[in-house]
Amino acid sequence: MFKKAKSNVNFAELEKEILSFWKTNDIFQLSLKQREGNEEFVFYDGPPFATGLPHYGHLLAGTIKDVVPRYQTMCGKYVDRVFGWDCHGLPVENEMEKELNITSKHEIEEYGVDKFNEACRGIVQRYTSEWETVVKRIGRWVDFENGYRTMDKSYMESIWWVFKQLWDKKLIYEGHKILPYCPRCATPLSNFEANQGYREVSDPSITIRFKLKDQENTYILAWTTTPWTLPSNLALALGKDIDYVMVQDGDEKYILAKDRLDVYYKKDSLPAIIKEYKGSELRDYRYKPLFPYFEELEDQGAFKIIIGDFVSTQDGTGIVHIAPGFGEDDALAGKRNNIPSVCPIDAECRFTEEIPEFKGQFVKKADHDIIDHLKRKSILVHKTKYLHNYPHCWRCESPLIYRAISTWFVNVESIKDQLLKCNEQISWMPAHIKNGRFGKWLSNAHDWAISRNRYWGCPLPIWKNEDSGETICVGSIAELKQLSKKEVNDIHKHFIDYIEIKSKSGAIFKRVPEVLDCWFESGSMPYAQKHYPFNNREWLDSHFPADFIAEGLDQTRGWFYTLVVIGGALFEKPPFKNVIVNGLILAEDGRKMSKRLKNYPAPDYIMDKYGADALRLCLLSSAVMRGEDLRFSEKTVKEIIRSVMLPMWNSYSFFVTYAAVDNWVPELTLEELQENLNNPLDHWIISQLYKLTAAVKLNMDEYNLQAAAICFAEFIDNLTNWYIRRSRRRFWKSQNDSDKNEAYHTLYFTLITFCKTTAPFIPFITESIYRNLKTPSMPESVHLADFPILPVTFSDKDLDGKMSRAIRAVSLGRYLRSQSGIRTRQPLSSVFLVSISRDVRDDLDSMKDVIAEELNVKNVVIDENEERLVNLSAKANFKKLGPELGKDMKHAASSITNLDHLEIDELREGKTIELSLANETIISITLDDIEICREEKAGFMAANESDITVALDFTLTETLKLEGFAREIVNRIQNMRKDLNLDVTDRILINYTGPIMIQKVIHEFNSYIMGETLATSINKSEKNDHMETFMIDDHECCFAVEKS
RNA sequence: GGGCGUAUAGCUCAGCUGGUUAGAGUGCGUCCCUGAUAAGGACGAGGUCCCAGGUUCAAGUCCUGGUACGCCCA
């Protein structure tokens, strides 16, 4: 016996009950246990930063990370799901600094690195309970208890192992490189960190003049947006093929790009051009340094004109000031031209004593003073503001400085081919990421700067002898113990910086101060999460690469990249086989979601109001599953409630209502049922069910979650608005005949199978429905069931076609009724279904009953003589004729349009017709070469769509009219039943008053009315207060209904 | 400046390898139906398929060049 379902369901409440059911009964654990020993489906969970609360992006990725494992589990796989936390790095340090009211590295060291790091350790778990709450609320099943943390000793030791592997493969080196550097955090950032903070800023844009040596009053005009780099200027770069001019401006001569003249001079006062050159002609010209600080470097090749391919005439003067210590182009050009490099700034980007005039000033702040200085010396010729995108520190928002830094690198460029090969083996969703965004990024990969001059992170396991520069790389804690002869329990910076290694010769090695980029740590996750290879040595053989990972588009240069670099370098394999890359969730206004702007509804609010299922399905049905942006709005969640959740619930509620009335229980299996189906409606919905399950499986196996999810609404629509609508009466028949039993079975299995199919997507509502519908022999949770794979014999394409023709005929009939103004409740004598096609006629004939009932007509007349109702014309079949005729196509099309009725008939009889075209070509055509168009004849009540024409006989006989009245009366009484909240099985007593006409109807259709409304009596009485008054056509009548 | 993606109805989006009235849902208007439904059905209005060239008998679809937006990198 099934419990009745609440008709006013509250999904959020229902979900909370399900959550507690899962928890109490340990369903997640059971779902794993049930598959123990089966083939594994390996999933890696990318660790979020342990600081900050989860937002929609996390919910989205979390949903994907839930749907796929649930599906794979239902398909029989064992899917371990372990949560992870990214605990190290600047995000945490930053949070701690704020809390300690500290703003510089200097202050951290004063405070004490040990205290600082321990404080960091203390706060990383601050939000874990909030995370757990939200992740669980959205319905995600994942193991929190055994989650990995990048700060755990075991995890860190594996990182050392990874590092040592790279070291042994000679993929780690120390180098100087121009890197984005945060002056506040006093650390270089990786390039992909730098770009997280691009923002439009206004910088000074100045043009300055460099006096050429050996030439009277002649200046080169150069341009820069970083005045503070001018003291470090060591060269000027020109484009080889760019045209430059020397112009006379008063007493002075200036050199600049020809294309830039009109920017510096007004059109009507262009200066005289004295000379023109290509850039290459000016190579090696020498100029006088602007500042005296590095004058001596002239002997080493500085202060001359060089050629650079990066020079353009887009901005400035077409002449670029080169400070090799402060720009990637600059450094490279300097190296090529044997120009030395200077970098006169300290760790916090303040000028050193090399620049005495500005010593101690933060470089960006010194811009102003430097400009002033240049002005006084008459070096400055032009000054304005320049708006451009400039990178900022992604944590503290300081503008970054590009500067030469000593850094440890992974030599990614040397293994690039390897990595590209790995990428070939990865299947990306959406596919274009593979050779697009990710592939392109990989082919342009630079060496990866992995050291950070910070504190809270996994230390680089490198010990260095200051004098000789020799280095030792340590690959494990045991190795460190052995080399140092010290006890080691924790390998965070503040524990191991004091540990020294003494070589046999007595040389002392000290650890280098840097810690690792936290992306190196998360990229080591496949190994470190299980403390590989120190533990679980064999584990990796069967758990690498992962079958599946999923993260956002922003991880292209993040986790996806670091996983591939490390996996590729270590094992020459891609670390994952399939990846879903989700897009960004934007606010409804198309902008980023912003707490400050409050331009989006909080996830809690959405889940409390509509439930997690609706939110999940809303996300899963959208193109955000294919890496596109989603404008999220409450409306789209509501739409899911309307189109899927409610109709699904109502179908279920309908079923249990009647099953309870009849005490119905299933006796057959799905297979037995399928073999014994008689009613075409049942056959049809089972066939639709087959189509649904097959489509969901196909799309899930291709990781196309969106395509799978959008199938649900269509199925639900077919179920509610055709199957149940047309089958409704089959459930009321008072006797348990076999058709009724068949209907019950069909709807029952349809609901259960639908639940199983959609359970990975909407785990709550499906669980709730399934739990009520299941028989004792079925698993206690839908998530312990197998994903339904229906035998192909369930599919009946023939019937699908028949039904869709019937639906089309009905829709045409409804159209005719709406045109004529005769409502469906008014029975009509006949509908004419006309088609020239025998197949169509046969199909419609087999669906006669369904059509008659739906259109409320007494007779269905099938006919082939469509020409009585429609005019025929012909149109070329472009797809077929186009390739054959080529240029003649246009002429043929117009000749075909002119075919008359008789010619069309000839073609339909199978004859071939010769057409002579306007250009005198003769072609012969058959029926296949044309498409027949039909247009309803004026004056006839007919409607046509392709090969079906429908006409209705609108003649109303007295009997039909009376029956129409009877149905009106039934309708009014049913509405009253509903208003009284009567149960579907309640019997009623009817009293009425009305004119003679109504009395006649009630007399004649007495048993019909009573049967339809479950009335035990219907009596004429005096009008009283309990009665409701209705107008039926022009007849006023009153009814009173009470429960008998 | 470069890479990748997107651009179709008021809104959210479908549209397969090019084929002739460009679709759905929602919103709006009118009508209809209801022993499950918070629903449902029918019809109507609403489109220079971002722009400009090109290829082709035929372009929303392919090519080239632009524009706008998003993300990423300089």
Side-chain angles (χ1 to χ4, degrees), chain A residues 5 7-9 191-192 194-196 198 310 312 314-315 328-329 389 391 402 430 432-433 435-441 443-444 446 552-554 556-557 583-584 586 588 590-592 621-623 626-631 633 635-636 638-639 641-643 645-658 661 710 713-714 717 720-721 724-725 728-729 731-732 810-819 821-825 854 856 875-893 931 933 970-971 974-975 977-978 982-986 1012-1014:
Chain A
S7 59
N8 57 339
V9 58
N191 280 316
F192 57 81
N195 94 76
Q196 304 207 13
Y198 268 83
F310 51 86
S312 81
Q314 292 283 329
D315 298 300
E328 205 168 347
D329 284 337
N389 276 315
Y402 284 86
H432 62 75
I433 307 257
N435 295 314
R437 184 178 275 241
F438 190 76
K440 288 265 158 57
W441 167 255
S443 9
N444 296 321
H446 294 299
L553 195 58
D554 50 333
T556 314
R557 273 86 169 162
L584 243 73
L586 303 172
E588 197 171 358
R591 291 193 286 178
K592 278 190 178 167
S621 320
S622 86
R626 297 197 320 257
E628 287 176 36
D629 292 346
L630 168 69
R631 287 189 179 199
S633 87
K635 268 187 276 176
T636 59
K638 246 183 182 161
E639 171 63 21
I641 292 278
R642 194 195 61 78
S643 62
M645 305 293 292
L646 275 176
M648 180 177 177
W649 186 263
N650 291 328
S651 309
Y652 157 69
S653 157
F654 172 85
F655 171 79
V656 286
T657 302
Y658 287 96
V661 168
I710 56 181
E714 193 197 336
D717 186 55
T720 61
N721 290 324
I724 295 185
R725 181 185 164 87
R728 211 157 21 198
R729 286 178 168 266
F731 292 86
W732 321 332
V810 165
S811 148
L812 289 168
R814 283 200 194 114
Y815 167 66
L816 289 175
R817 277 188 173 272
S818 85
Q819 290 300 297
I822 297 188
R823 57 174 70 98
T824 314
R825 235 180 273 136
E854 184 67 21
N856 193 16
K875 194 174 69 179
N877 180 346
F878 285 87
K879 197 164 187 174
K880 177 157 187 300
L881 285 176
E884 293 167 18
L885 298 181
K887 288 193 194 294
D888 293 332
M889 187 64 225
K890 263 186 188 154
H891 300 296
E931 280 167 36
C933 309
V970 168
N971 167 256
Q974 299 293 25
N975 285 342
R977 280 187 67 111
K978 196 167 173 183
L982 295 186
D983 196 84
V984 291
T985 53
D986 287 339
E1012 289 292 301
T1013 59
L1014 296 187

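In what follows, chains carry the letters A, B, and so on, assigned in the order in which the sequence lines appear, proteins first and then strands, with residues in each chain numbered from 1.
- Using N1 to N3 plus N6-O4 or O6-N4 for Watson-Crick, or N1-O2 and O6-N3 for G-U wobble, each under 3.5 Å, G53(B) pairs with C63(B).
- To the nearest angstrom, C1' of U26(B) lies 16 Å from CD1 of Ile710(A).
- Within the 6.0 Å centre-distance limit, the rings of Phe654(A) and Phe731(A) are counted as a close aromatic pair.
- Nucleotides of RNA chain B nearest to Pro647(A) and Leu881(A) differ in position, and the one nearer the 5' end is that of Leu881(A).
- The CZ atom of Arg437(A) sits 5 Å away from the C1' atom of C4(B) (whole-angstrom rounding).
- The base-pairing partner of U17(B), taking Watson-Crick or G-U wobble contacts with both distances under 3.5 Å, does not exist among the strands shown.
- Remark: G27(B) base-pairs with no nucleotide; criterion is Watson-Crick or G-U wobble with both hydrogen-bond distances under 3.5 Å.
- Look at A39(B): it lacks any Watson-Crick or wobble partner with both distances under 3.5 angstrom.
- In this structure, Trp441(A) has its ring center at least 6.0 angstrom away from the ring center of Phe438(A).
- Which of G35(B), U20(B), U12(B) sits closest to the side chain of Arg631(A) comes down to U12(B).
- A36(B) atom P lies 10 Å from atom CZ of Arg977(A), rounded to whole Å.
- Across all strands shown, U6(B) is found opposite A68(B) as a Watson-Crick or G-U wobble partner, with both distances under 3.5 Å.
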